[in-house]
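Excluded from the calculations below are hydrogen atoms, water molecules and symmetry mates; all remaining heavy atoms, backbone and side chain alike, are included. Whatever order the structure lists them in is the order used to number ligands and atoms, beginning at 1.
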Amino acid sequence: MQLREFSRRRRQLMQQMGEGAVAILPAAPLRMRNRDAEYPYRPDSDFYYLTGFPEPDAVAVLAPGRRNGEYVLFCRERDEKAEVWTGPRAGQEGAVETYGADDSFPIDDIDDILPGMLEGVERVYYTMGVHPDFDQRLIGWVNRLRSQVRAGVHTPGEFIALDHLLHEMRLFKSAAEIRAMREAARISAAAHCRAMRACRPGMKEFQLEAELLHEFMTRGARFPAYVSIVGGGANGCVLHYTDNDAVLRDGDLVLIDAGAEYDYYAADITRTFPVNGRFSRSQRALYEVVLAAQAAAIDAVRPGNHWNDPHDAAVRVLTEGLVELGLLKGRVPTLVRNERYREFFMHRTGHWLGMDVHDVGDYKVDDQWRELEPGMVLTVEPGLYVRAGSRVARKWWNTGIRIEDDVLVTADGCEVLTGGVPKDPDEVEALMAEGAGGSRRRRRR
Ligand code: GLY
Ligand code: MN
Ligand code: MN
């Protein structure tokens, strides 16, 4: 992402804040995994969206109209000794030269400098509750100002949730963001294809996960956007399964929900396919229902439609399918009204997608499902999950199916960003057969 994209975002936010206001955004802290071992560092998305600054121990302050610079970045000082261990730091010079801050101070001086920046300000934009330690420090700075009120110090009158403004901006993707999301989608689709080609009965689920990660990194995505789900058989029915340590068995389906993060933007794809390369009759029947539900939902993604329209379309098609196959009994409209499908489909059909896999942005406006508008990106991911013990014929048991794509709302409809991996069952089988190099035995159950 280019520097001018970040500066455009800051300008847009500051215009909405107006003068007399200050926004404060702390970077996420480094987190420990276990003694001395850290998790890989990933800045908080709100912070990164406005700064493009990749280091921890930083705080961005936006002060529209401030004479000595509107964008102030507190960050670590250069430190020769520390840099021997953990690599170069931008320091104050880099914050200005490389990252476009108007001014920069050492993070260790923030206690002395930030309170002064709050003096005389009317409104403070800040997101409470995300970084509790920083919340406490901010309250401390404000209290310090309050204690000086008799000396004529003016304290901020209002604290305003920053996320309302910022998350509304993040919901609408710019051309640069869409380019990054297309790339994340392309890489992730290739990774799913690789997993389909590589799959063999007897592999461990995490060995299939290794194929995904290999493709992500080889193609330039350093990290997955979230922990990949690779669930064979019954594990495909566990919605947030991430153990990924069971053996993939001949005759089972495997559900893979995995996406790469590219330049801080997520893809989120799910495909479900037969471990041995051929769908059984009952697997294919349920699969076709999910696929039809997804097609109906994607068809409902267009400007003017509302957030719930794709979900409602999916629910209708899923319920019709469940009745047709005998998993539900009754009239479709009644079953939909009574939410009887929820035994087999217990999540929503999608979510916003962006820098966070479950991205920010309101789903309702004034208590109404919001209208879809060009520039929004969402997932479309209906599924059916039939667990063992369900009161349906045993042939359906341990069948977990989800099909998930990432969809951009365009001026006249939508664009599926993740079309690079097949979902038509014949195409899936053909791709898997390619991987087996003809050695996969052709059989039908
Ligand atoms: N990968 C998380 C989700 O599909 O919502
Ligand atoms: Mn997913
Ligand atoms: Mn998703």
Task: Aromatic ring proximity, centroids under 6.0 angstrom, Tyr48 and Phe6 - done: yes

Open item on the list: Could you identify the single nearest non-hydrogen protein atom to atom 2 (C) of ligand 1 and state the distance to 0.1 Å?
Closed with: His358 NE2, 3.6 Å

Task: Backbone N/O of Ile229 and side chain of Thr242: donor-acceptor pair under 3.5 Å - done: no

- [ ] Spell out, as yes or no, whether a donor-acceptor pair under 3.5 Å connects the side chain of Asp57 to the backbone of Pro29.
- [x] no

- [ ] Tell me the protein N, O or S atoms under 2.8 Å from the Mn ion (ligand 3), in chain and number order.
- [x] Asp268 OD2, His351 NE2, Glu381 OE2, Glu404 OE2

- [ ] With heavy atoms of Glu404 as the reference, note each atom of ligand 1 found under 4.0 Å away.
- [x] 4 (O)

- [ ] Show which atoms of ligand 1 fall inside a sub-4.0 Å distance from at least one heavy-atom site of Asp257.
- [x] 1 (N), 2 (C), 3 (C), 4 (O)

- [ ] Examine Glu381 against ligand 1 and note whether any of their N/O atoms are separated by less than 3.5 Å.
- [x] yes

Open item on the list: Within the 3.5 Å criterion, strictly below it, is a donor on His164 or Asp362 matched to an acceptor on the partner's side chain?
Closed with: no

Open item on the list: Between Arg271 and Glu404 (side chain of the first, backbone of the second, donor and acceptor by atom type, cut-off under 3.5 Å), is there such a pair?
Closed with: yes

- [ ] Output yes when a side-chain donor or acceptor of Tyr226 lies under 3.5 Å from a complementary backbone atom of Gly259, and no otherwise.
- [x] yes

Open item on the list: For His347 and Tyr385, which I'm curious about, is there any donor-acceptor pair between the side chains at under 3.5 Å?
Closed with: yes

Open item on the list: If we ignore hydrogens and angles and just use 3.5 Å, is the side chain of Thr98 paired with the main-chain N or O of Ala95 as donor and acceptor?
Closed with: no

